[in-house]
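Worksheet for the structure shown next.
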Amino acid sequence: MFYNTDLTSRLMLGTARYPSPAVLKQAIVASGAEVITVSLRREGAQGTAFRELLAESGCRLLPNTAGCYSAREAVTTAQMARELLGTSWIKLEVIGDPDTLQPDPFGLVEAARILCAEGFEVFPYTTEDIVVGERLIEAGCKVLMPWGAPIGTGQGLRNIEGLRSMRAHFSDVPLVIDAGIGAPSQAAMAMEMGFDAVLLNTAVANALDPVAMAAAFARAVEAGRQAHVAGLMPRRDMATPSTPVFGMAELA
Amino acid sequence: MQIDLNGEARATGARTLAALIEEQGFDAASVATALNGNFVPAPARAAALLHEGAKVEVLAPMQGG
């Protein structure tokens, strides 16, 4: 599925903004996620406890380059993450705008090119722009992660038709909806549309009960995937009776 | 000499990045380091010389989305 790694769960979970480490730990379990994201930040007092939590989770780690505004920063962060966590996986974020946290496609492609050449397995956080996607594939990315909506907004899939086009265009490339998902129904929809996985954080972390919400997302992602595999019925503009007309009594 | 460690001014007697990590009490195996914006792999820290005003970053995995 992703760089020759098969996963059972199609839900990836972020580890930030939970009310406590204990809740984070339980939410990871409830989500069934096998991949969790982490950042790299200045070493402080909490570092050891968090490292232990990561190890105990048994999850594969996907370090990010969150907060980087240039290719150079992102590349350095990725290099540091690889040494520290012993993984070549990197969730590549190069941000272009502080209000929308929209990816900077130019910096993103530049950083992806450098990192792929250095043997990284890059998960680029991108938009639904097909041309940018093509450039990322040319750079060596074997996964694309289009946003649903700006990070942390919970707006869901803001450009459904654009995402549908992207899914159709990159039929053989694993695509992960990353960012903007606020509700399980939105995650289910992404999966129904044929996306390979969903990555989310705030929707679980900021729920009233993050552990229960993690479980809800797990089911939604599973249901959406199952629906995609089962094949959705085509949409129609006009009604068509599901009950047969044949054999109907004349009572009028 | 005066350096900048994780965004804070520090006086240090260390001459190399490896010595600084030890002097400041970091667990050398649990952190990744950068000097002036460039990644310095752990085996290269002993040869990475500090200078007046050097910018050192010592990072660890933290919560992230």
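Only this structure's heavy atoms are used, side chains among them; waters, hydrogens and symmetry mates stay out. Below, chains carry the letters A, B, ... as their sequence lines are ordered, and counting in each starts from 1.
Among the candidates N201(A), T37(A), L85(A), the residue making the largest number of heavy-atom pairs closer than 4.5 Å to chain B is T37(A). When each of M80(A), Q79(A), R42(A) is checked for heavy-atom pairs under 4.5 Å with chain B, R42(A) comes out on top. Listed options T15(A), L61(A), L54(A) were ranked by heavy-atom pairs under 4.5 angstrom with chain B; first place goes to T15(A).
Using modelled atom types, one finds no donor on one side chain facing an acceptor on the other under 3.5 Å when comparing Q102(A) with D97(A). Inspection of the S39(A) and Q63(B) side chains reveals no N or O donor paired with an N or O acceptor under 3.5 Å.
Heavy-atom contacts from other residues, nucleotides or ligands closer than 6.0 Å to CZ of R17(A) number 12 or fewer.
By the 30° and 60° cut-offs, the orientation of the rings of Y3(A) relative to F123(A) is tilted.
Proximity to chain B is absent for every atom of E73(A), based on heavy atoms less than 4.5 angstrom apart. Residue contact with chain B, scored on non-hydrogen atoms closer than 4.5 Å, is absent for R82(A).
None of I21(B), V56(B), L20(B) except one satisfies the side chain to side chain contact (heavy atoms under 4.5 Å, CB included) rule with T33(B); the exception is I21(B).
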